[in-house]
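Notes follow the structure.
The sequence lines fix the lettering, A, B, ..., with proteins before strands; numbering per chain opens at 1. FYI, side chains are in, hydrogens and waters are out, and symmetry mates aren't considered; it's all heavy atoms of this structure.
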There are 2 protein chains.
Amino acid sequence: MTDSNPNASLTAPSIHGDALPPVEQHAQQYATVRNAHETELIEDYVELIGDLLTHRGEARAADIANRMAVSQATVSKMIRRLNELELVTSKPYRSLFLTEAGQKMAETSRARHDIVLHFLRALGVKDATARIDAEGMEHHVSDETLDIMQRFTEQQQKS
Amino acid sequence: MTDSNPNASLTAPSIHGDALPPVEQHAQQYATVRNAHETELIEDYVELIGDLLTHRGEARAADIANRMAVSQATVSKMIRRLNELELVTSKPYRSLFLTEAGQKMAETSRARHDIVLHFLRALGVKDATARIDAEGMEHHVSDETLDIMQRFTEQQQKS
DNA sequence: CAACATTGTTAGCCAAGGCTAAACTATTTG
DNA sequence: CAAATAGTTTAGCCTTGGCTAACAATGTTG
């Protein structure tokens with residue numbers, strides 16, 4: 001018996017409210033998540049570098065390592081990748097800078113992050129929790145949902 | 001200059017609303033996300049196996065491969081891991097079953113997933129989008145936020 | 001029941017993202 | 001200005017989660 005057997009559900013009736021989505025849609029969901037995973041670390045680094053540049057004036061590997069709770073070696077390796085992707089420019093032993101593409105990515109990421117964070121706070125989530133959740137959620141929120149979150153937050157603030 | 005220089009912000013005043021969180025808190029955010037990543041694939045597999053068992057009566061590797069849009073070899077390898085973790089039992093060439101621990105994990109996952117999905121729909125997100133977002137978000141939503149989401153959804157349904 | 005189709009497994013490859021240890025560069029300070 | 005300290009890089013290791021190709025088992029069917 002395979003997944004496409006149309007009678008299967010007759011022999012094993014659902015006790016759940018939600019049935020399984022069609023295979024193609026289901027596959028799409030997982031593929032989208034896998035895809036997000038490939039870019040999200042990159043985005044986190046770029047976003048953090050952008051934040052450090054904005055708030056501190058420079059972005060050093062040691063700061064990134066501390067804030068990400070990761071070894072300096074890991075950061076160094078990652079910076080090489082970011083360089084290859086032309087998201088940052090770096091001279092050995094010097095502060096990092098974002099390329100134009102990097103800046104664009106940092107801004108987009110930061111904006112998404114803020115929308116999610118503010119939305120969670122508007123929902124009534126405690127700040128510390130909201131920050132943790134936002135960090136994890138931001139890469140998995142579609143533009144459509146992001147839009148709705150933003151409107152919700154604005155509504156909330158009016159009242 | 002390092003991250004802990006207390007004067008840095010004087011020379012580079014923030015143009016953003018949100019300042020950088022303290023290093024320890026920031027590190028905690030990233031660590032939590034990294035941690036979630038380690039378990040989320042496992043949870044996705046277990047959840048899907050549970051759903052297949054519920055809705056189809058059996059869970060075959062081929063079905064999992066199709067629904068996850070992944071090769072059968074990948075599924076086979078993963079099943080070995082799930083076995084080692086004592087989340088599933090399997091005999092070669094036979095359907096999979098969940099151990100007690102596996103069932104517990106599947107239920108928890110399914111419940112979280114449903115709460116997030118229903119919340120997104122209650123927010124006004126289109127079904128297809130909500131499904132994709134929920135798949136990605138579910139592993140990054142704290143219990144606190146989950147609770148709030150559930151209450152929100154219930155509120156919404158009353159009106 | 002033999003052949004074919006489907007399903008599952010194994011072997012071996014790859015990239016990503018962690019780590020530690022060691023070497024090197026830059027900065028600070030006695 | 002030499003030595004100590006701090007920061008950065010490199011080398012080399014490990015695990016995870018993908019993949020393809022080849023092979024093995026099972027199920028179906030002429």
Per-nucleotide protein contact string for nucleotides 19-26 of chain C (B base, S sugar-phosphate only, - none; heavy atom under 4.0 Å): BBB--BSS

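Checked against ring pair (Phe, Tyr, Trp, His ring centres under 6.0 Å), B:F119 has the following partners two or more places apart in sequence or in another chain: B:F152.
Atom CZ of B:R60 and atom P of D:dA25 are 16 Å apart (whole Å). Rounded to whole angstrom, the span from the CG atom of A:N35 across to the C1' atom of D:dG17 amounts to 15 Å. Distance, B:K91 NZ to D:dT26 C1': 16 Å, rounded to whole Å. Between the CE atom of A:M68 and the P atom of D:dT8 there is a distance of 15 Å, given to the nearest Å. One atom, CG of B:L41, and another, C1' of C:dA16, lie 14 Å apart when rounded to the nearest Å. Per the geometry, OH belonging to B:Y45 stands 9 Å off P belonging to D:dG17, to the nearest Å. Straight-line distance from the CD atom of A:E58 to the P atom of D:dG7: 11 Å, rounded to whole Å. Atom CE of A:M78 and atom C1' of C:dA16 are 8 Å apart (whole Å).
A 4.5 Å side-chain heavy-atom check between A:E47 and A:T108 finds every atom pair outside the cut-off. Here the side chains of B:E40 and B:H140 are in contact, with some heavy-atom distance below 4.5 Å.
The side chain of B:A62 sits closest to C:dG8 out of D:dG17, C:dG8, D:dT8. Of the listed nucleotides (C:dG17, D:dG17, D:dG18), D:dG17 has the atom at the smallest distance from the side chain of B:R81.
Counting non-hydrogen atoms under 4.0 angstrom, B:I79 reaches nothing in the nucleic acid.
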Output, in order, the C-alpha distance, side-chain angles, deciding distance and verdict of ring pair (Phe, Tyr, Trp, His ring centres under 6.0 Å) for B:H113 and B:H118. CA-CA 9 Å; B:H113 194 135; B:H118 294 149; 9.4 Å; no

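A close approach under 4.0 Å does not occur between any side-chain nitrogen or oxygen of A:R80 and OP1 or OP2 of D:dT9.
Applying the salt bridge (Lys or Arg N to Asp or Glu O under 4.0 Å) definition to pairs two or more places apart or across chains, none involves residues 72-84 of chain B.
The two residues A:R34 and B:M68 make their nearest non-hydrogen contact at NH1-O, 3.0 Å.
Sparse packing is recorded around CD of B:E86, with 12 or fewer heavy atoms of other residues, nucleotides or ligands lying under 6.0 Å away.
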